[in-house]
Amino acid sequence: MAHEHRVGTALRRLVDEGVLTEAQRDAVTAAVAAEEAAARPTAGKLLAEIAAYIGAGLLLGGLVLFLEASWGDLARASRVAILAAVAIGLALGGVALAGRASLFRTPTPTARTRLAAVLFALAAATLAGAVGAGIDDSGSDEAWVFAACAGLVVAVLGYVALPSVVGMLACAAFGVPVVGGVLGELFNLDEFWIGSGFFALGMVWFGLTRAGAVIMARSPRGSD
C-alpha cells in the first residue's frame, strides 16, 4: 500500500544518508509492521464492536418503549429527571469506555473510543430532550430552541473531550437548528437574517477547520 511504500522509501533514504544502518532499518520496519498488525481489526474485534452497538441499541430501545408507554402518566419533573439521569449515565459510560487518559486529546480510534463518541452524542440528544420536556409543558413556543442549545453545548463538550466524526456530526446537527431558532424564534428576524446566520455558521466552521480546531481521531495508519 501507499503508506508502507512511503515508510520504506523514507527509511531507505535515511540509510543512504547514513542516519540509520541496515540493521536499524530492518528493526524499524519490523516494529512498524507489528504495530499495524496489532491495530488491524480482526473478525473477532469487529463482531465484538457490532455486538456492543446492538446491545446499546437494544438498551436504548427498551428505555424508549418504557418512556413511551408511561410518558403521559409521568409528571414534568419526573420526565426531566429520567432524561437527565439517562444523559448523565450515557456521558459517564462514554468516559468509562474511552478512559480518562484518552479524553481531551487526539486518540487513536478503537472500538471503545468509537462507541464512547456515540454515547457522548446520545447524551447530547437526551439532555436536549430533558430541557425540552422541562420547558415545553410551560407553554413556551421556544422550548425546542433552548433544547437545541443545551444539546449543542453537550455535543461540543463531547467533541472537545473525544474528537470523532460522530461528534462532529452531532455538533452540526444541533448547530443548524440553534442558529435558525435563535434568529427566527427568539429574535423574530426574517429569512434574510436567518440565511445570513447560516452563512456565518458555515464561515465559522470553515475557519475552525482551517485553523486546525476541527480534528478527528487520528488513524493508526497513514492515508492510502
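All of these numbers come straight from a predicted model, not from anything done at the bench. Any value given below was found using the heavy atoms of this structure, including those in side chains, with hydrogens, waters and symmetry copies removed.
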Taking all non-hydrogen atoms of both residues into account, name the closest pair between [X] and [Y] and its distance.
X    : Y    : result
G93  : L119 : C-CD1, 3.7 Å
V154 : A124 : CG1-CA, 3.6 Å
A172 : P177 : O-CD, 4.5 Å
F174 : A125 : CZ-CA, 3.7 Å
V179 : G197 : CG1-C, 3.6 Å
A91  : A123 : N-CB, 3.9 Å

Could you tell me whether the side chain of R79 and the main chain of A130 form a donor-acceptor pair under 3.5 Å?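 The answer is no, because no donor-acceptor pair under 3.5 Å joins these two groups.
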Side chain of D190, backbone of W193: donor and acceptor closer than 3.5 Å?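 Yes.
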State yes or no: do [X] and [Y] share one hydrophobic cluster built from I, L, V, M, F, W and Y residues joined by side-chain heavy-atom distances below 4.5 Å, directly or via other members?
X    : Y    : result
L127 : I135 : no
L201 : V160 : yes
L189 : V176 : yes
L92  : V166 : no
F198 : F187 : yes

Do [X] and [Y] have side chains that get closer than 4.5 Å, going by heavy atoms?
X    : Y    : value
V145 : L186 : yes
D73  : S78  : no
I82  : W71  : no

Interatomic distance, [X] atom [atom1] to [Y] atom [atom2] [nearest 0.5 angstrom]:
X    : Y    : atom1 : atom2 : answer
T21  : L14  : OG1   : CG    : 11.0 Å
T113 : F120 : OG1   : CZ    : 10.5 Å
L115 : L97  : CG    : CG    : 5.0 Å
M203 : S196 : CE    : OG    : 12.5 Å
I194 : E185 : CD1   : CD    : 8.0 Å
W205 : C171 : CH2   : SG    : 5.5 Å

Got a salt bridge between R12 and E17, using NZ or NE/NH1/NH2 to carboxylate O under 4.0 Å?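 Salt bridge between R12 and E17, a charged N being under 4.0 Å from a carboxylate O: no.
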Please determine which of I88, L90, L83 meets the side chain to side chain contact (heavy atoms under 4.5 Å, CB included) test together with V86.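 The single option meeting the side chain to side chain contact (heavy atoms under 4.5 Å, CB included) with V86 is L90.
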